[in-house]
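Below is one structure, written out as structure tokens, with a few remarks after it.
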Protein chains: 4
Amino acid sequence: MTIAISTRFDFTLDSPTDVILQFEAAAIPEQEILSARTVLTCGDACARVPAHEAIGERVLVSTQGRFEVAYDARVDVKRLTPDLAGLSQLAPHDLPGDPLEYLLDSRYCPADRLQSFAEDEFGGTSGGDRALAIRDWIAKHFTYEPGSSTATTTALDTFVERRGICRDYAHVLITLARASTIPARYVSCFAPGVTPPDFHAVAEVFLADETTPGGGAWYILDATGMAEPHETVKIGVGRDAADVSFLTSFGSSQFGDKTVTVTRED
Amino acid sequence: MTIAISTRFDFTLDSPTDVILQFEAAAIPEQEILSARTVLTCGDACARVPAHEAIGERVLVSTQGRFEVAYDARVDVKRLTPDLAGLSQLAPHDLPGDPLEYLLDSRYCPADRLQSFAEDEFGGTSGGDRALAIRDWIAKHFTYEPGSSTATTTALDTFVERRGICRDYAHVLITLARASTIPARYVSCFAPGVTPPDFHAVAEVFLADETTPGGGAWYILDATGMAEPHETVKIGVGRDAADVSFLTSFGSSQFGDKTVTVTRED
Amino acid sequence: MTIAISTRFDFTLDSPTDVILQFEAAAIPEQEILSARTVLTCGDACARVPAHEAIGERVLVSTQGRFEVAYDARVDVKRLTPDLAGLSQLAPHDLPGDPLEYLLDSRYCPADRLQSFAEDEFGGTSGGDRALAIRDWIAKHFTYEPGSSTATTTALDTFVERRGICRDYAHVLITLARASTIPARYVSCFAPGVTPPDFHAVAEVFLADETTPGGGAWYILDATGMAEPHETVKIGVGRDAADVSFLTSFGSSQFGDKTVTVTRED
Amino acid sequence: MTIAISTRFDFTLDSPTDVILQFEAAAIPEQEILSARTVLTCGDACARVPAHEAIGERVLVSTQGRFEVAYDARVDVKRLTPDLAGLSQLAPHDLPGDPLEYLLDSRYCPADRLQSFAEDEFGGTSGGDRALAIRDWIAKHFTYEPGSSTATTTALDTFVERRGICRDYAHVLITLARASTIPARYVSCFAPGVTPPDFHAVAEVFLADETTPGGGAWYILDATGMAEPHETVKIGVGRDAADVSFLTSFGSSQFGDKTVTVTRED
């Protein structure tokens with residue numbers, strides 16, 4: 001499936017400020033970057049470093065005044081979309097070191113506090129069945145409501161208020177998966193079908209990989225139901241939105257306009 | 001400086017539960033493990049994996065009932081204790097990829113929310129001077145009060161209430177450093193002089209390394225004033241306490257007794 | 001039903017501090033104080049004022065050092081215990097002014113944030129049926145666990161963690177009732193059957209009084225199941241625990257011992 | 001000083017919902033209502049009850065669809081503006097019962113948590129001097145920034161983030177006053193000079209009334225510096241914004257337009 005992406009956004013910094021940007025499709029085996037073009041208003045210092053888990057890149061900018069970003073790309077997504085039903089989960093002591101970190105609490109996903117709820121609500125299930133049960137429970141009980149959350153909204157806030165946007169849905173899914181001893185991480189992405197069109201976010205859970213004895217793999221889950229794994233273009237991954245925000249500013253910034261267009265080519 | 005460590009603790013799990021332990025001195029260049037002995041009640045599965053940043057190890061246990069840990073070690077700490085005054089900080093776009101992650105928000109250290117305060121209170125300083133000013137501000141305004149905080153206490157709670165234990169002091173220091181665009185991480189450790197004797201925690205900040213042009217290094221800072229860098233035995237590092245708790249339990253656990261003895265040998 | 005009460009507690013104040021105490025059975029029509037004796041270590045200023053809604057009294061003390069409270073009483077509880085099933089709720093515009101205040105958010109009961117959940121979970125019911133459904137839902141999903149909450153724990157914390165003590169159970173019940181547009185208040189009380197023996201707390205909801213056309217009345221509900229309305233001796237009422245804590249200290253205090261004995265005489 | 005007020009606002013309710021409105025100048029001795037006209041889209045039930053402390057009125061509406069409010073009034077403010085400097089505070093045991101309640105924690109003003117800070121920062125002062133010191137501290141360290149806070153922002157959030165609007169400034173002032181054992185309440189009001197023009201909020205503190213031995217009185221304080229006491233038209237008072245919001249909705253509502261015009265006539 002080939003996905004065409006086009007995004008424009010700008011922001012203004014009153015004083016010289018450092019900014020981290022992460023907004024480009026990641027070059028990883030499961031998705032091939034057919035073409036890509038990034039244009040930045042980059043007057044001052046501008047660096048690139050590998051992002052979390054070396055998936056995608058962070059653009060580091062130190063600048064002042066108005067800053068514009070334009071990005072266009074075509075990406076061929078080759079991701080398989082296995083059925084999670086019946087997949088087993090790996091006990092923590094069987095996990096590789098890397099996924100283990102995704103069991104721990106993070107800024108927006110304090111999983112320790114939802115252990116009792118997770119056991120009470122999803123106690124009879126495990127592995128892929130549990131992950132699907134969590135996704136379905138969120139989809140059933142939550143309302144997608146742009147404007148109902150802010151940059152400080154945590155998974156607990158959303159759990160209480162039962163509403164939010166893709167970021168919040170992903171945070172709750174991740175938190176309940178971790179509370180179920182399933183490693184889970186946050187994926188910022190592009191996907192067609194997102195309404196209103198915007199950067200999107202989904203969750204990934206680490207479950208047994210049936211093709212490799214003892215092995216595991218990451219599987220995409222979207223509680224909003226808007227993105228399909230075989231059409232999802234990953235930008236980056238992290239413990240939660242704090243790690244892969246498309247704009248992290250170390251100072252005061254005013255956000256301007258933003259347009260995101262994502263279309264299927266085939 | 002040779003440090004002798006001895007700790008015993010136990011906990012009880014009502015049902016089969018996965019637990020992560022991290023309680024041993026890390027084998028890293030700046031501290032040599034002269035001798036070490038760990039004895040665990042390890043009836044069931046028990047694995048070891050490298051911990052965060054490959055500093056120290058996590059012990060992964062899946063067990064039930066009473067579990068005892070005994071650990072004795074002698075460690076030669078060879079860490080230098082440079083003066084931080086005058087050290088410059090590296091702009092984010094000059095940072096290597098790894099320290100960059102320590103600018104981002106984590107579970108207990110939501111630095112974005114303290115940016116205004118940090119600028120208001122410490123605005124005239126930067127680099128090592130700023131880190132020292134933050135440490136001194138905490139030392140002046142906070143009260144060390146065992147029992148005043150819990151496992152869910154964040155740096156913001158402590159910032160409001162002005163009291164806590166080593167964990168809380170470290171979280172506030174880390175948060176204010178990050179809010180000042182200085183990478184900062186959490187270090188769990190052993191140190192003589194900790195009163196009452198217990199596992200200890202300090203912060204590390206990433207500043208310019210004057211011996212390497214363009215390079216940087218991690219420097220220990222303890223806002224409680226109880227630990228000296230040249231006597232501090234690191235167990236592990238992380239974004240905050242969520243990454244290097246000596247006991248992380250994925251289920252209900254009752255903590256029993258704990259003794260920690262740390263003495264100087266020379 | 002005659003209830004015998006005996007309580008002793010003490011606390012220590014390092015420096016001269018103002019303290020509010022509220023620990024005595026309230027003299028109100030539904031419960032007759034047969035006998036009562038209060039002994040206080042009252043060296044300095046000591047005043048009494050009516051408490052919230054003029055139910056019970058607050059003892060105002062300004063003192064330093066160790067302070068002891070001894071209280072013994074026999075109370076004849078004459079409260080009726082009507083069945084709430086089928087009772088209707090009064091729309092806000094039909095409420096008297098006083099109960100109306102108990103629809104609003106308070107320190108530990110931010111009801112606005114649970115409106116979506118309340119509608120989602122209890123949407124098909126109203127009035128007494130809804131209040132009973134809320135009580136039963138809490139009783140089914142929460143675990144009574146002394147030590148699991150603190151003085152800063154809100155109804156939202158408890159809603160997330162699904163555990164707590166009588167105070168927390170009452171806060172969640174009150175919050176969900178208010179989120180259902182049913183006025184609800186907090187009642188501190190004595191009751192036999194409380195395990196472990198301690199001051200107790202229940203909720204009261206304001207529903208139609210079938211004996212008075214257009215009128216309403218307060219009805220006791222205890223989600224912990226430990227107290228029966230006809231055996232419950234009210235100390236005071238408030239919007240939540242902030243209004244009727246048995247000890248409110250305007251400065252640092254160390255709590256000492258506490259014993260509470262409540263027995264049925266008939 | 002005669003103040004002319006004109007406000008228009010509207011909101012839309014998707015389904016039949018109960019709403020509390022409080023938006024009119026209160027008829028109290030210190031301000032005379034010269035003329036007033038309220039026009040409501042009041043298709044369904046509409047009641048009026050006295051508001052908190054019998055200051056002003058609450059309009060109770062149960063309705064659906066679009067609802068418009070128009071209010072015009074001329075008010076003669078006769079409030080004195082005494083200098084708070086040097087006024088003493090009343091110890092809790094010398095307070096009347098009513099102001100005592102304004103020492104306790106409320107939804108947005110959890111004063112217990114700022115006791116240490118209040119003592120640390122303002123320890124050398126008391127009474128009116130302390131109230132003024134708190135007001136000046138807020139004015140110096142906080143930034144007035146419309147859009148930086150939401151309906152769930154507490155005084156602790158604002159204390160951490162150092163920015164907000166009139167509501168947030170008042171909440172912090174109230175919280176720090178209570179943490180200093182000075183009763184403090186929230187006043188919703190109209191005032192000329194508010195920029196951008198809107199409903200306004202200030203704090204009131206209860207201090208000794210020098211004209212009455214042993215007596216006390218409420219004094220207006222505005223940390224934003226935008227309103228003068230002799231020009232401030234009170235709408236209502238409460239423990240915090242939860243008690244005197246101009247619009248409290250027990251269900252989902254979409255707010256529409258709002259204009260507020262307040263001018264001096266003399």
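Order of the sequence lines sets the chain letters (A, B, ...), proteins ahead of strands, with each chain counted from 1. Since the model is a prediction, treat every value here as computed from it, not as a measurement.
For residues 165-175 of chain A, a heavy-atom distance under 4.5 Å to chain B picks out no residue at all. Listed by sequence position, B/Leu103, B/Leu104, B/Asp105, B/Ser106, B/Arg107, B/Tyr108, B/Pro110, B/Asp112, B/Arg113, B/Gln115 are the residues of residues 103-118 of chain B in contact with chain A, using a 4.5 angstrom heavy-atom cutoff.
Contact tally against chain B (heavy-atom pairs below 4.5 Å) for A/Thr152, A/Asp94, A/Leu100, A/Leu95: the top residue is A/Leu100. Looking only at heavy-atom pairs under 4.5 Å with chain A, the residue among B/Val19, B/Val49, B/Asp243 that has the most is B/Asp243. For the set A/Ala242, A/Pro92, A/Ala91, the entry with the most heavy-atom pairs within less than 4.5 Å of chain B is A/Pro92.
Counting only heavy atoms from C-beta outward, the side chains of B/His93 and A/Asp18 approach each other to under 4.5 Å.
For a residue to count as touching a neighbouring chain, one of its non-hydrogen atoms must lie under 4.5 Å from one of that chain's; by this rule B/Ser180 does not touch chain A. Looking at A/Arg58, only its side chain comes within 4.5 Å of chain B, counting heavy atoms on both sides.
Taken from CD in B/Glu119 to OG in A/Ser15, the straight-line distance is 8.0 Å, to the nearest 0.5 Å.
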